[in-house]
**Student:** 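Here you go, one structure.
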Amino acid sequence: MDRTAPRETLPGGTIADAAAPGPRRPATALPSGVAAGTRVESFVGGPWSLPWSPAACSSARTVIRDVLQQWGLDDLVPTAELLVSELVSNALRHASGPLCLTLERVSGLRCLVSDGTADFPRPAHAGPEDECGRGLVLVDMLAARWGCEGGPEGKSVWFELSGDPCAPGLDGDTKGEAA
């Protein structure tokens with residue numbers, strides 16, 4: 001996928017304006033000659049810089065839709081959009097910039113949201129009347145795996161989704177089977 005191609009106009013600008021790609025990395029899209037829907041072992045998309053504003057969630061969801069369609073992972077789009085929105089919202093609320101999104105295609109999807117703060121996220125214990133505090137619980141419930149990695153300029157919070165709910169997950173566990 002050529003991330004520099006013009007995109008349809010979104011409220012507040014274009015995806016190119018809102019989620020500009022970072023420096024080119026090897027294998028940023030489907031390798032040359034590989035048809036959409038073909039299983040590819042591993043490649044990376046991004047990083048995309050996201051604006052430090054509520055528009056970052058919309059930009060991240062647009063990237064998810066575009067890239068997962070290109071990678072033949074359309075079934076993961078609704079869950080990936082929800083989870084990336086949670087991670088981007090958490091970064092906007094609790095961290096500082098810069099804010100980036102990176103996608104990795106392995107046996108499923110690995111999505112990383114990076115920010116400039118070294119503090120790792122902690123799941124909150126939200127009560128029934130609380131309006132927030134459930135995002136990481138949701139990530140924990142829906143992702144095959146998730147976690148956080150420190151880096152020289154902050155951290156990356158990530159989640160992984162399996163391309164087939166009955167196939168072995170990225171962690172080797174089989175979902176959809178009775179224990």
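What you see below is based on every heavy atom in this structure, not just the backbone, and it leaves out hydrogens, waters and symmetry mates. Start at 1 with the first residue, then count along the sequence.
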**Student:** Return the SG to CD1 distance between C111 and I64, rounded to the nearest 0.5 Å.
**Tutor:**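 Reported to 0.5 Å precision, the distance equals 4.5 Å.
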**Student:** Please evaluate residues V106 and E160 with respect to the criterion side-chain contact (heavy atoms from CB on, under 4.5 Å), reporting the C-alpha separation (whole Å), side-chain torsions for both, the decisive distance (0.1 Å), and the verdict.
**Tutor:** CA-CA 9 Å; V106 285; E160 294 176 349; 5.6 Å; no
**Student:** Hey, could you give me the CZ/OG distance between F120 and S156, rounded to the nearest 0.5 Å?
**Tutor:**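 Answer for the CZ-OG pair, F120 versus S156, is 9.5 Å.
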**Student:** List the atom of V88, the atom of A60, and the distance in Å for their closest heavy-atom pair.
**Tutor:**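 Shortest heavy-atom contact: CG2-CB, 4.0 Å.
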**Student:** Show the nearest heavy-atom pair for residues T102 and P47, with the distance to one decimal.
**Tutor:**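 Here T102 and P47 meet closest at OG1-CB, 3.3 Å.
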**Student:** Mind checking what makes side chain to side chain contact (heavy atoms under 4.5 Å, CB included) contact with S89, not counting sequence neighbours?
**Tutor:**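 Scan of S89 (side chain to side chain contact (heavy atoms under 4.5 Å, CB included), adjacent residues dropped) gives C57.
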**Student:** Within a strict 4.5 Å, meaning less than it, do heavy atoms of the S49 and P98 side chains meet?
**Tutor:**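 Not touching, per the 4.5 Å side-chain cut-off.
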**Student:** What distance separates R110 CZ from L161 CG, expressed to the nearest 0.5 Å?
**Tutor:**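 Answer for the CZ-CG pair, R110 versus L161, is 12.0 Å.
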**Student:** Output yes when a side-chain donor or acceptor of T117 lies under 3.5 Å from a complementary backbone atom of S96, and no otherwise.
**Tutor:**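 The answer is yes, because a donor-acceptor pair under 3.5 Å joins these two groups.
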**Student:** Measure the OG1-CZ distance between T79 and F159 for me, rounded to the nearest 0.5 Å.
**Tutor:**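 Reported value, rounded in 0.5 Å steps: 9.0 Å.
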**Student:** For E81, give me all partners under side-chain hydrogen bond (donor to acceptor under 3.5 Å, both in side chains), at least two apart in sequence or on another chain.
**Tutor:**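 In terms of side-chain hydrogen bond (donor to acceptor under 3.5 Å, both in side chains), with neighbours along the sequence ignored, E81 is linked to R65.
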**Student:** Can you measure from CG (D66) to CG (L103) and round to the nearest 0.5 angstrom?
**Tutor:**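 It comes to 10.5 Å.
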**Student:** Taking E86 first and then R93, would you say they form a salt bridge - that is, a charged N and a carboxylate O separated by under 4.0 Å?
**Tutor:**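 Salt bridge between E86 and R93, a charged N being under 4.0 Å from a carboxylate O: no.
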**Student:** When you measure from the side chain of K155 to the backbone N and O of D119, does any donor-acceptor pair fall under 3.5 Å?
**Tutor:**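 It does hold such a pair.
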**Student:** Answer with yes or no whether the hydrophobic clustering places L138 together with L76; edges join I, L, V, M, F, W, Y residues whose side-chain heavy atoms lie under 4.5 Å apart.
**Tutor:**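 Both belong to a single hydrophobic cluster.
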**Student:** Is any side-chain heavy atom of V157 closer than 4.5 Å to one of E149?
**Tutor:**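 Not touching, per the 4.5 Å side-chain cut-off.
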**Student:** I need the L83 CG to M141 CE distance, nearest 0.5 Å.
**Tutor:**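 Here the interatomic distance stands at 10.5 Å.
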**Student:** Would you indicate whether E153, at its atom CD, is surrounded by more than 12 heavy atoms from other residues, nucleotides or ligands within a distance under 6.0 Å?
**Tutor:**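 No, the 6.0 Å shell around CD holds no more than 12 heavy atoms from other groups.
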**Student:** I'd like to check L136 versus N90 (side-chain heavy atoms, cut-off strictly below 4.5 Å). Are they in contact?
**Tutor:**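 Yes. Closest side-chain heavy atoms under 4.5 Å.
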**Student:** Apply the hydrophobic cluster definition, ILVMFWY joined by side-chain contacts under 4.5 Å directly or through others, and give me every member besides W158.
**Tutor:**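 Via sub-4.5 Å side-chain contacts, W158 links to L112.
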